[in-house]
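Each residue takes its place number in the sequence, starting with 1. Any value given below was found using the heavy atoms of this structure, including those in side chains, with hydrogens, waters and symmetry copies removed.
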Amino acid sequence: MNERTIPILPCRSIEPVLDFYTALGFRVTFRQSSPNPYAVVERGGIELQFFGTKRYEPAESVSTCYVLTDDVDGLYEAFRAGLKEAYGRIPTRGLPRIGPLKDMTYGVRQFLMTDPGGNCIRIGRKTSDDQSHRRPPEGTFAKALHHASLLADSKEDPASAAKVIDRALRLGDERPTPVELLRLLVLRADVAGRLADEETAVSALAEAAGIHLGAEDRRSARDALERLEDLRPGTLP
C-alpha cells in the first residue's frame, strides 16, 4: 500500500499564510476563493493544505502537525533565512514565529514554527527509536534546563519555566558551567519575551552574550548561540 496523510489546517485568511510559506520556499500548488477559501503548499515531500474560516482566532489556535525530515538542521537554516529576508528579522514571538532548534528528551531533534494562522508545525528528525521521555539529568542546572524547556515549549507555560530558571540561578552553593549558564540565560530571555518582560529579556541576553566560551564549548552550545543571535536587541519584534 502507498498511503499518505496530509494535514488540513485552519486560518482566518489565506493570503498571509501563503505569503509566509512562500517565504520559506514552498510552492502554492492549488488555490481557490469560492465556494470556500482553500489552498495547498508544497516543499519537497512536505504538503500542507489550508482552509479559511472567519469564525477563527489564530492566537487561540491549538492546531498542529508533525513533519519528519532527514535534514532538520538544513530546513531550520533555510526557514530562518527565508523569514529574515521576508520580515527583516527572525520572528521569535507572536504570529508568525519560529522556535529554537534543540535535542529533545524523547529522542528527536526538532523546532516548532507557528504560521500566521496560528498553526504550529513541529519539524524534527528522530535521533532514537525510543520515543519515551528519558529520565531527567542528574546535575542541578541540567535538570533545571530540562524542566524549564518542557514547560516553555511542550506545555507552553513560560511563567513556570521562568520560575524554574530563576530558582536555579539564585543558588549560592553551586555554579553552572559556562555552557549551562548560556543555555539557561538564553531560555530565560526567550520566555521573558513571551511574557512581555522586556527588561528581563534584555538583561539575560546581555549576560549571555558576555559569557566566554572556548572552541569546544561553542560547538556544544551551537543551538543556544544561534538562538541568542535571533533574540538579541535589533532582532526582536
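- Looking only at side-chain heavy atoms (C-beta outward), Leu83 and Ile98 come within less than 4.5 Å of each other.
- Distance check, rounded to the nearest 0.5 Å: CG of Asp115 to CG of Asp19 gives 12.0 Å.
- Under a cut-off of 6.0 angstrom, the local environment of CD in Glu85 is sparse, with at most 12 non-hydrogen atoms contributed by other residues, nucleotides or ligands.
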(request) Evaluate the criterion side-chain contact (heavy atoms from CB on, under 4.5 Å) for residue pair Asn119 and Thr64; output intermediate values, then yes/no. (result) CA-CA 5 Å; Asn119 303 295; Thr64 187; over 6 Å; no

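- Taking each heavy atom of Arg109 and Asp223 in turn, the nearest pair found is NH1-OD2, 2.7 Å.
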(request) Step by step, work out the side-chain contact (heavy atoms from CB on, under 4.5 Å) result for Met113 and Cys120. (result) CA-CA 6 Å; Met113 180 177 69; Cys120 178; over 6 Å; no

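- The closest side-chain heavy-atom distance from Leu75 to Ile46 is below 4.5 Å.
- Linking Ile, Leu, Val, Met, Phe, Trp and Tyr residues whenever their side-chain heavy atoms come within less than 4.5 Å places Tyr87 and Leu24 in a single cluster.
- Two residues are said to be in side-chain contact when any heavy atoms from C-beta on lie closer than 4.5 Å; Arg55 and Arg12 fail this criterion.
- Salt-bridge check for Arg188 with Glu207: failed, with every basic side-chain N at 4.0 Å or more from each acidic carboxylate O.
- With rounding to the nearest 0.5 angstrom, the CD1 atom of Ile8 is 12.5 Å from the OG atom of Ser63.
- Here CG of Leu169 is found 7.5 Å from CZ of Arg175. Values are rounded to the nearest 0.5 Å.
- Looking only at side-chain heavy atoms (C-beta outward), Glu77 and Glu226 come within less than 4.5 Å of each other.
- With no hydrogens or angles considered, a side-chain donor-acceptor pair links Asp130 and Ser132 at under 3.5 Å.
- Closest approach of Ala224 and Leu182 over heavy atoms only: CB-CD2, 4.0 Å.
- Between Leu95 and Gly118, the shortest heavy-atom contact is CD2-CA, 4.1 Å.
- Leu48 and Pro7 get closest at one heavy-atom pair: CD2-CG, 3.5 Å.
- Side chains of Tyr56 and Ser61: a donor-acceptor N/O pair is present below 3.5 angstrom, by distance only.
- Both Phe141 and Leu213 are part of a single hydrophobic cluster, where members link through side-chain heavy atoms under 4.5 Å apart.
- Two residues are said to be in side-chain contact when any heavy atoms from C-beta on lie closer than 4.5 Å; Leu18 and Phe26 fail this criterion.
- With values rounded to the nearest 0.5 angstrom, Glu174 atom CD is found 9.5 Å from Glu180 atom CD.
- Annotation: side chain of Arg167 is in contact with side chain of Val164 (closest heavy-atom distance under 4.5 Å).
- Remark: side-chain polar atoms of Thr92 are not paired, donor with acceptor, to backbone N or O of Leu231 under 3.5 angstrom.
- Phe111 and Tyr76 have their aromatic ring centers within a separation under 6.0 angstrom.
- Between Lys155 and Leu150 there is no side-chain heavy-atom pair separated by less than 4.5 Å.
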(request) Start with the C-alpha distance between Arg194 and Asp153, add both sets of side-chain angles, then the distance that settles salt bridge (Lys or Arg N to Asp or Glu O under 4.0 Å), and finish with yes or no. (result) CA-CA 11 Å; Arg194 300 184 215 179; Asp153 297 326; 3.1 Å; yes

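- Val41 places none of its side-chain heavy atoms less than 4.5 Å from the side chain of Glu47.
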(request) Report the C-alpha separation of Asp73 and Arg222 in whole Å, then their side-chain angles, then the decisive distance to 0.1 Å, and conclude whether the side-chain contact (heavy atoms from CB on, under 4.5 Å) test is met. (result) CA-CA 12 Å; Asp73 288 76; Arg222 181 188 63 176; 3.2 Å; yes

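- Salt bridge status for Asp230 with Arg80: present, with a side-chain N to carboxylate O gap under 4.0 Å.
- Here the CZ atom belonging to Arg135 is positioned 9.0 Å from the NZ atom belonging to Lys143, to the nearest 0.5 angstrom.
- Phe20 and Val67 fall within the same hydrophobic cluster, where Ile, Leu, Val, Met, Phe, Trp and Tyr residues are linked whenever their side-chain heavy atoms come under 4.5 Å apart, directly or through other members.
- Both Leu171 and Leu185 belong to a single network of hydrophobic side chains, linked directly or stepwise wherever heavy atoms of I, L, V, M, F, W or Y lie under 4.5 Å apart.
- In this structure, Arg232 contributes its side chain and Glu229 its backbone to no donor-acceptor pair below 3.5 Å.
- Clustering ILVMFWY residues whenever any of their side-chain heavy atoms sit less than 4.5 angstrom apart, transitively, puts Leu9 in a cluster other than the one holding Leu112.
- Between Gly99 and Arg227, the closest heavy-atom pair is C-NH1, 3.5 Å.
- For Phe50 and Tyr21, the ring centers sit closer than 6.0 Å to each other.
- To the nearest 0.5 Å, atom CD of residue Gln110 and atom CZ of residue Arg122 are 6.5 Å apart.
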(request) Show your working on side-chain contact (heavy atoms from CB on, under 4.5 Å) between Arg183 and Ser220 and close with a plain yes or no. (result) CA-CA 11 Å; Arg183 289 172 173 157; Ser220 174; 3.4 Å; yes

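- Summarising the geometry of Ala201 relative to Ala192, their closest heavy-atom pair is N-CB, 3.7 Å, with the distance given to 0.1 Å.
- Residue Glu57 places its CD atom among more than 12 non-hydrogen atoms of other residues, nucleotides or ligands, all under 6.0 Å distant.
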